[in-house]
Amino acid sequence: MEVDCTKYLSLAGFEPLVVTPETNFVNIGERTNVTGSRKFLRLIKENKYSQALEVAREQVEGGAQIIDVNMDEGMIDGAAAMTRFLNLIAAEPDIAKLPIMIDSSKWEILEAGLKVVQGKSIVNSISLKEGEDVFVAQAKKIKRYGAAVIIMAFDEKGQADSLERRIEICERSYKILVDQLQFLPQDIIFDPNIFPVATGMEEHRRNALDFFKATAWIRKNLPYAHVSGGVSNVSFSFRGNNIVREAMHSAFLYHAIQHGMTMGIVNPSMLEIYDQIPKDLLDLVEDVLLDRKEDATDRLLDYAEQIKGQSKSVEKTVQKWRNEDLQTRITHSLVKGIDEFIEIDAEEARKSVDKPIQVIEGHLMNGMNLVGDLFGSGKMFLPQVVKSARVMKKAVAYLLPYIEQEKDGLSKSAGKILLATVKGDVHDIGKNIVGVVLGCNNYEIIDLGVMVPPEKIIETAIEQQVDIIGLSGLITPSLDEMVFLAKQMKKIKLEIPLLIGGATTSRAHTAVKIDTEYNHSVVHVNDASRAVTVAGNLLQKETKTAYMDTIKKDYEQFRINYAKRTKSKEYISLELARDRKFSIDWKQEDIATPNQLGVQIIESLDLKELLPFIDWSPFFRSWDLHGKYPEILTDEVVGSQAQELFQDASVLLNRIVDEKLLKAKAVFGLFPANSTGDDIELYADESRESPIATFITLRQQLKKSQGKPQFALADFIAPKSLSVADYMGGFCVSTGFGTQQLAEEFEKNNDDYNSIMIKALADRLAEAFAEYLHKKVRTEYWGYASNEKLTNQELIKESYRGIRPAPGYPACPDHLEKNTLWELLKVQENIGVVLTDSLAMWPAASVSGYYFAHPQARYFGLGKISKDQLVSYHKRRNISLESAEKWLAPNLNE
C-alpha cells in the first residue's frame with residue numbers, strides 16, 4: 001500500500017508539533033510523573049504546584065518535545081491533581097507551547113485530563129486488556145476529545161511477549177480503531193513493549209529483536225501509525241553498570257529508529273553517543289540486541305564483569321579521601337555511610353580533644369549537620385540517611401566507654417522526642433525511620449515500641465520531660481487510639497506538641513478528629529523528611545509561637561472547608577442502596593466447585609517459592625523513594641540510590657532465604673457459601689443446613705448516577721433464595737516469624753539500616769505469599785483457572801479472575817470481620833498469628849482476607865455510610881451502637 005505522506009501525526013500545545021519523516025525521533029519528557037520523579041511527587045503532595053510547574057519548565061528547556069503528566073499515586077486525588085496541573089500549565093505560555101501526554105492507568109484520570117488540556121494531546125494509554133467493549137468505549141471518547149492515543153500491546157490473554165503476539169494485538173487494535181471507529185490512523189501510537197535482554201533466560205533472547213521487527217511490521221502494515229516505548233527497560237539486567245547500560249540504550253535507540261520507532265521516553269543522562277561507543281562493546285551489545293550469536297549474552301556478561309572488576313580507580317579514590325584532614329574523613333564516612341574507618345578516626349579525634357564528649361559535639365555533629373542539610377535539600381535520600389545513622393551510632397558506641405570513664409554528661413540534644421506505635425497496633429517501620437532521621441538531627445529519641453497503652457505514653461512523657469510526642473499507627477482503629485490519647489492529655493492539661501503519622505492517618509483526620517480534642521499543637525507528618533522541619537519549628541523559640549498559631553488556624557480552616565465538602569455529597573437510604581445492588585445473572589456454569597473443601601495448613605514454605613511474586617514498588621516507597629519498579633532503578637533523581645538500596649536488599653534477602661531466617665506459614669479454607677441480604681453464610685458441607693460462620697458486609701450509600709450499582713461484597717456470592725450452590729474462601733499468611741529477633745539483633749549492633757530493612761523485606765514476602773497462595777487456590781485448590789499463565793507484572797496488576805479483599809481495606813473496612821475469620825480458620829491455633837486488642841495481626845508481616853471467584857467480582861471502595869446502615873450493622877453484628885460507631889468511625893457520614 002502506498003502511504004499518503006500528507007497524513008502526519010499533528011499534535012499541539014500553543015504551538016503545533018507535526019511528526020514527519022524528517023522529525024527523526026520525538027523525545028518525551030517524563031519528569032512531571034509522580035511514579036517516576038520523587039521530587040515531583042513531593043511537590044504535588046505538598047500542594048506546591050507553582051514549584052511543580054518549574055519541573056515542567058525544566059523539561060521544556062532540556063529539549064523535551066512532549067510533556068508526560070502522570071498523577072497515579074494512592075494518596076493523591078489523581079483526577080483533581082491532573083485537572084489542576086493542566087489548568088496551571090495552560091497559563092504558562094513557555095510550557096503550554098508543548099503538547100501534553102496525559103498518562104494514567106485509570107480511565108477517570110485520563111478523562112479528567114482530556115476535559116481541560118489545551119491543544120491536541122496524547123492519551124497514554126488504553127489496551128484490549130479489559131476486552132473490546134471497554135476498549136471501544138474509551139477510544140470513542142478519546143476521538144470525541146480530539147486526542148491521539150497510545151495503544152499498549154496487551155489484550156485479554158495478557159501482555160505481548162513475542163513478535164507474533166505483538167503483531168496480533170496491534171493489528172486487531174488498529175482494525176477496531178480505523179475500520180470500526182474511523183479513528184485517524186496517524187493519531188494511533190503503538191507501544192509494543194520493550195523488555196529486558198541478556199537476562200540469561202532463553203525466552204528473553206529475542207526481546208529487542210522482536211520489538212524492532214514488530215516496529216517495522218507496524219510501520220509497513222498499519223499505515224500512518226507510530227511506535228513509542230520506554231527505552232531504559234531493555235538494559236534492566238545491567239542495573240548498576242552504567243557503561244553497558246548507556247551503550248545498550250544508544251544502540252537500541254539507533255536500531256529502533258532505523259526500524260521505524262518515532263517517539264519514546266529516553267533519559268539523556270543514560271545515553272552514550274552511538275559513534276563513540278567502544279567498538280568491542282558495541283559489537284557485544286548489538287550481538288545481544290539483534291540475537292546474532294548463541295553465546296551473545298554470556299560474552300556481554302563477561303565484559304560487564306570485567307568492567308565491574310576494575311577497582312584500581314576506586315582504590316585510588318579511597319586512598320585520596322583517606323589522606324584528607326580528620327574532619328573531612330569523618331564527614332565523608334558519615335555522608336557516604338562508610339563505617340569501615342570510623343572507629344580509627346573516632347580514636348584519632350578523641351586524642352585531639354580535651355574530653356571525649358567533644359568528639360560527638362564537634363567532629364561527629366559537624367558531619368551529621370551536613371547530612372541533615374543534604375537530606376533537607378533533596379540531595380540525599382532516606383536510605384542514605386539511615387546508613388549515616390549507622391556510622392554515627394558505631395562511633396558513639398566506641399566513644400561511650402571513654403565518656404563514662406570520665407563521668408561526662410552526654411552532648412546537649414536539640415530536644416527530646418517520645419515515639420510510640422499506639423495500643424493495639426504492631427507496625428513500626430515508618431516510626432523507626434522517623435526516629436533515625438530525627439536522631440541524625442541531634443534529637444534524643446525515646447522509642448517505646450509498639451502496642452503502647454496511652455497511660456504509658458503519658459507517664460513516660462511526664463517522667464522524661466519530653467518536648468514532643470510522636471504517635472504512629474497503620475490500622476484504622478489506631479486513629480481512635482490517637483483521639484483518645486489527645487483527650488487524656490487535654491484532661492490533665494499537658495502542653496506537649498503531638499505529631500501524628502502512619503499510613504491510615506491524614507491531614508483531614510488530624511484536623512477534624514484530633515486537633516479538636518487537644519488545646520496544644522497537633523501536627524500531621526506525612527513523611528520522615530518533614531519530621532525534622534516540624535520538630536524544629538515547634539521547638540525553636542524564634543518560630544514556635546507563630547508556627548503553632550499557623551497550624552491551628554490552618555486546621556480550623558480545613559474543618560470549615562471539609563464540612564462544606566461533606567455537605568455537598570448526597571447519600572441514599574440503605575433500603576434504596578439495596579434496591580440498587582450489583583445484579584448478577586446467576587448461572588451455575590459461572591460458579592466453580594472447589595477441588596478441595598475445608599481448612600488446609602502450610603506449616604512451612606520454602607521462601608524461594610515467593611521470590612518471583614515480590615512486588616518491589618511498595619518496598620521503595622517505604623524508604624521514601626517513589627517510583628515504579630523496575631523503572632525507578634533508572635530514575636534521573638533517585639535511580640542511583642534505588643539501585644544501591646535494591647542491592648543491599650538483595651544481599652539480605654538472599655541471606656534470609658539461604659539461612660532460613662524467617663518462616664512462612666499459612667492457613668486457608670474453601671467453603672460452601674450463599675448470601676442472605678448483605679451477609680454471607682459459610683457452611684461446613686454441601687448440605688448447607690446451618691452456617692458455621694457469617695460475614696457481615698457493608699454497602700455503598702454515596703449517591704451515584706442513574707444505572708450505577710451500590711456495591712457490597714455480598715453481591716458477589718449467589719443468594720440463598722436462588723438455590724444456587726456457591727463458594728467462598730478465607731486465608732491468613734505470615735512471613736513474620738523471626739523478624740523481631742533479627743531486628744533486635746541488628747539494633748544491638750547499632751544497625752538501624754538493616755533493622756528497618758528486615759521488616760520491610762518481611763512485609764514484601766508476606767504480600768508475595770498472599771499472591772502465591774491466591775494463584776495456588778485459583779489454579780489448584782479451587783481450580784477454576786487451571787490454565788492461567790500470568791507474569792509477575794500481570795499478577796501485580798491483578799489480571800486474573802477473582803478478588804481477595806481484606807478486612808480493614810476499602811471494600812470491607814470492618815476489622816471485626818477478622819474475629820470471624822480467625823474463628824473459622826482457627827488461625828492462632830494453626831499457625832500462631834494472633835490479633836491484638838485493635839485487631840492488628842502479630843507478627844506484623846501477615847496478610848489475611850477472603851477469596852471470591854465469580855468472574856464479575858471486583859474491588860471497590862465502600863466510602864461513607866449513613867446512620868440507617870450503622871443501626872442495621874450493630875443489630876446484625878449483635879454489638880452495641882456505641883461499639884459499632886467506634887469500629888466504623890472512619891466510614892461514618894457525620
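Along the sequence shown, residues are numbered consecutively beginning with 1.
- The backbone N or O of Leu795 sits nowhere less than 3.5 Å from a side-chain atom of Glu798 that would complete a donor-acceptor pair.
- Residue Leu128 holds its CG atom at 4.0 Å from OG of Ser173, rounded to the nearest 0.5 Å.
- Remark: the backbone N or O of Ser105 is paired with a side-chain donor or acceptor of Asp72 at under 3.5 angstrom.
- Formation of a donor-acceptor pair under 3.5 Å by the Lys704 side chain with backbone atoms of Pro709 is found in this model.
- Judged by distance alone, the side chains of His226 and Gln186 never bring a donor and an acceptor atom under 3.5 Å apart.
- Asn87 places no side-chain N or O within donor-acceptor distance of the main-chain N or O of Ala90, the cut-off being under 3.5 Å.
- Side chain to side chain, His259 and Thr215 fail the donor-acceptor criterion of an N or O pair below 3.5 Å.
- Using modelled atom types, no side-chain atom of Arg804 and backbone atom of His774 make a donor-acceptor pair closer than 3.5 Å.
- Side chain of Tyr224 to backbone of Leu184: no donor-acceptor contact under 3.5 angstrom is found.
- A donor-acceptor contact shorter than 3.5 Å links the side chain of Asp77 to the backbone of Ala80.
- Both tests hold for Arg778 against Tyr800: distance to the six-membered ring centre under 6.0 Å, angle to the ring axis within 45°.
- The pair Arg206-Asp210 counts as a salt bridge, with a side-chain nitrogen and a carboxylate oxygen less than 4.0 angstrom apart.
- Relative to the six-membered ring of Tyr784, Arg801 meets both conditions, a distance below 6.0 Å and an angle of at most 45° to the axis.
- For the residue pair Gly113 and Ile102, the shortest heavy atom distance occurs at C-CD1, 3.5 Å.
- What you find for Ile142 and Val123 is that their closest heavy atoms are CD1-CG1, 3.8 Å.
- For the residue pair Ile632 and Leu625, the shortest heavy atom distance occurs at CD1-O, 3.7 Å.
- No donor-acceptor pair closer than 3.5 Å links the side chain of Lys120 to the backbone N or O of Gly146.
- Taking the ring axis of Phe14 as reference, the NZ or CZ atom of Lys97 does not stay both within 45° of it and closer than 6.0 Å to the ring centre.
- For Glu589, the CD atom sits in a packed shell: over 12 heavy atoms of surrounding residues, nucleotides or ligands are nearer than 6.0 Å.
- The backbone N or O of Val55 lies less than 3.5 Å from no partner atom in the side chain of Arg31, so there is not a single donor-acceptor pair.
- In this structure, Ser617 contributes its side chain and Tyr629 its backbone to a donor-acceptor pair below 3.5 Å.
- Remark: Arg84 is positioned above the aromatic ring of Tyr49, its terminal NZ or CZ atom under 6.0 angstrom from the ring centre and at most 45 degrees off the axis.
- For the 3.5 Å distance criterion, the side chains of Ser228 and Asp191 fail to qualify, holding no donor opposite an acceptor.
- The two residues Thr32 and Ala52 make their nearest non-hydrogen contact at CG2-O, 4.5 Å.
- Note on Asp161 versus Arg165: no salt bridge recorded, every NZ/NE/NH1/NH2 to OD/OE distance being 4.0 Å or above.
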